[in-house]
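Because only heavy atoms are used, hydrogens play no part in the values below, and waters and symmetry mates are left out as well, while side chains stay in. Not measured: the values here are computed from a predicted model.
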Amino acid sequence: MIVKLLKYTGPFAENKDVARKIRVEKLIPTLDKNKNIILDFEKIEGATQSFIHALISDLMRKYGIEVLDKIQFKSCNDTVKGIISIVTDYMQESI
């Protein structure tokens with residue numbers, strides 16, 4: 001499944017309620033079917049740590065760190081890559 005985040009977030013991904021909705025309505029059902037996910041960050045200039053945390057941290061708690069093997073982060077600029085790394089590193093230490 002490909003999730004084009006721009007249509008949900010606009011160019012700056014910051015609303016954690018939107019992230020939660022994407023997680024609950026799209027990501028969890030896809031992972032429950034054992035399918036891979038592409039999170040497409042095309043044209044997204046930035047994201048908050050709280051958005052990324054709301055998007056993926058629960059998945060890591062529910063499915064384990066291995067869930068990152070099922071998720072591809074596509075078209076991320078360096079800023080977004082850095083925030084994803086911060087969140088995934090933090091979650092790996094806390095699980």
Side-chain angles (χ1 to χ4, degrees):
M1 161 183 261
I2 299 172
V3 180
K4 293 185 176 277
L5 293 169
L6 183 67
K7 74 178 183 177
Y8 301 100
T9 65
F12 192 74
E14 63 182 327
N15 188 326
K16 62 185 179 190
D17 293 329
V18 170
R20 180 190 174 283
K21 183 176 174 130
I22 294 167
R23 184 185 75 238
V24 169
E25 293 179 5
K26 301 213 173 277
L27 306 185
I28 291 174
T30 301
L31 291 168
D32 283 345
K33 294 176 187 169
N34 202 30
K35 295 191 177 191
N36 292 340
I37 296 167
I38 297 172
L39 293 174
D40 189 348
F41 284 82
E42 183 178 12
K43 297 184 181 173
I44 293 184
E45 299 162 10
T48 62
Q49 189 171 331
S50 61
F51 177 86
I52 300 298
H53 192 273
L55 189 65
I56 63 171
S57 65
D58 230 32
L59 301 177
M60 293 175 74
R61 275 193 280 282
K62 181 175 181 174
Y63 300 99
I65 293 167
E66 304 79 33
V67 77
L68 294 176
D69 295 334
K70 311 262 323 154
I71 301 171
Q72 178 185 347
F73 299 94
K74 181 181 174 189
S75 302
C76 301
N77 64 27
D78 289 341
T79 302
V80 173
K81 282 181 192 174
I83 293 166
I84 292 168
S85 289
I86 289 168
V87 172
T88 57
D89 289 351
Y90 170 78
M91 288 304 299
Q92 288 180 57
E93 291 173 11
S94 66
I95 293 179

- [ ] Return the set of residues passing side chain to side chain donor-acceptor pair (under 3.5 Å) with T9 (not counting sequence neighbours), or none when no residue passes.
- [x] none
- [ ] Starting at CD1 of I37, measure out to CG of L68 and round the result to the nearest 0.5 Å.
- [x] 11.0 Å
- [ ] Would you mind reporting whether K70 and L59 have side-chain heavy atoms less than 4.5 Å apart?
- [x] no
Open item on the list: Which residue in the set L55, T30, I71, L27 passes side-chain contact (heavy atoms from CB on, under 4.5 Å) when paired with V3?
Closed with: L27
- [ ] Share the residues that join I38 in a hydrophobic cluster, the rule being Ile, Leu, Val, Met, Phe, Trp or Tyr side chains under 4.5 Å apart at the heavy-atom level.
- [x] I2
Open item on the list: Quick check: closest heavy atoms across S50 and E14, and the distance to 0.1 Å?
Closed with: OG-O, 4.3 Å
Open item on the list: Would you say Y8 ends up clustered with F73 if hydrophobic residues are merged whenever their side chains have heavy atoms under 4.5 Å apart, either directly or through other cluster members?
Closed with: yes
Open item on the list: Checking K62 against I28 for the side-chain contact (heavy atoms from CB on, under 4.5 Å) test, could you report, in this order, the C-alpha distance in whole Å, the side-chain angles of both residues, the deciding distance, and whether it holds?
Closed with: CA-CA 9 Å; K62 181 175 181 174; I28 291 174; 3.6 Å; yes
- [ ] State yes or no: do I22 and L6 share one hydrophobic cluster built from I, L, V, M, F, W and Y residues joined by side-chain heavy-atom distances below 4.5 Å, directly or via other members?
- [x] yes
TODO: Could you grab the distance from atom CD1 of I44 to atom OG1 of T79, nearest 0.5 Å is fine?
DONE: 12.5 Å
Open item on the list: Just checking F12: does its CZ atom have more than 12 heavy atoms from other residues, nucleotides or ligands closer to it than 6.0 angstrom?
Closed with: yes
- [ ] Mind listing the closest non-hydrogen atom pair of C76 and F41 along with its distance?
- [x] SG-CD1, 3.5 Å
Task: Closest non-hydrogen atom pair, I83 against Q49 - done: CG2-CA, 3.7 Å
Task: Under 3.5 Å donor-acceptor, R23 side chain and A54 backbone - done: yes
Open item on the list: With clusters defined by side-chain heavy atoms of hydrophobic residues (ILVMFWY) lying less than 4.5 Å apart, directly or transitively, does M1 cluster with Y63?
Closed with: yes
Open item on the list: If the threshold is 4.0 Å, N to carboxylate O, is there a salt bridge linking R61 and D58?
Closed with: yes
- [ ] Using the rule that two of Ile, Leu, Val, Met, Phe, Trp, Tyr join whenever any of their side-chain heavy atoms come within less than 4.5 Å, decide whether Y90 and M60 are in one cluster.
- [x] yes
Open item on the list: Tell me if a side-chain donor or acceptor on K74 pairs with a main-chain N or O of E42 at a distance below 3.5 Å.
Closed with: no
Open item on the list: Applying a strict under-4.5 Å side-chain criterion to I, L, V, M, F, W and Y, I'd like to know whether V67 and I86 cluster together.
Closed with: no
Open item on the list: Could you measure the distance from the CD1 atom of I65 to the CE atom of M91? Nearest 0.5 Å is fine.
Closed with: 8.5 Å
Open item on the list: To the closest 0.5 Å, what do you measure between CG (D40) and NZ (K7)?
Closed with: 11.0 Å
Open item on the list: Could you check whether atom NZ of K16 has more than 12 heavy atoms from other residues, nucleotides or ligands sitting under 6.0 Å from it?
Closed with: no
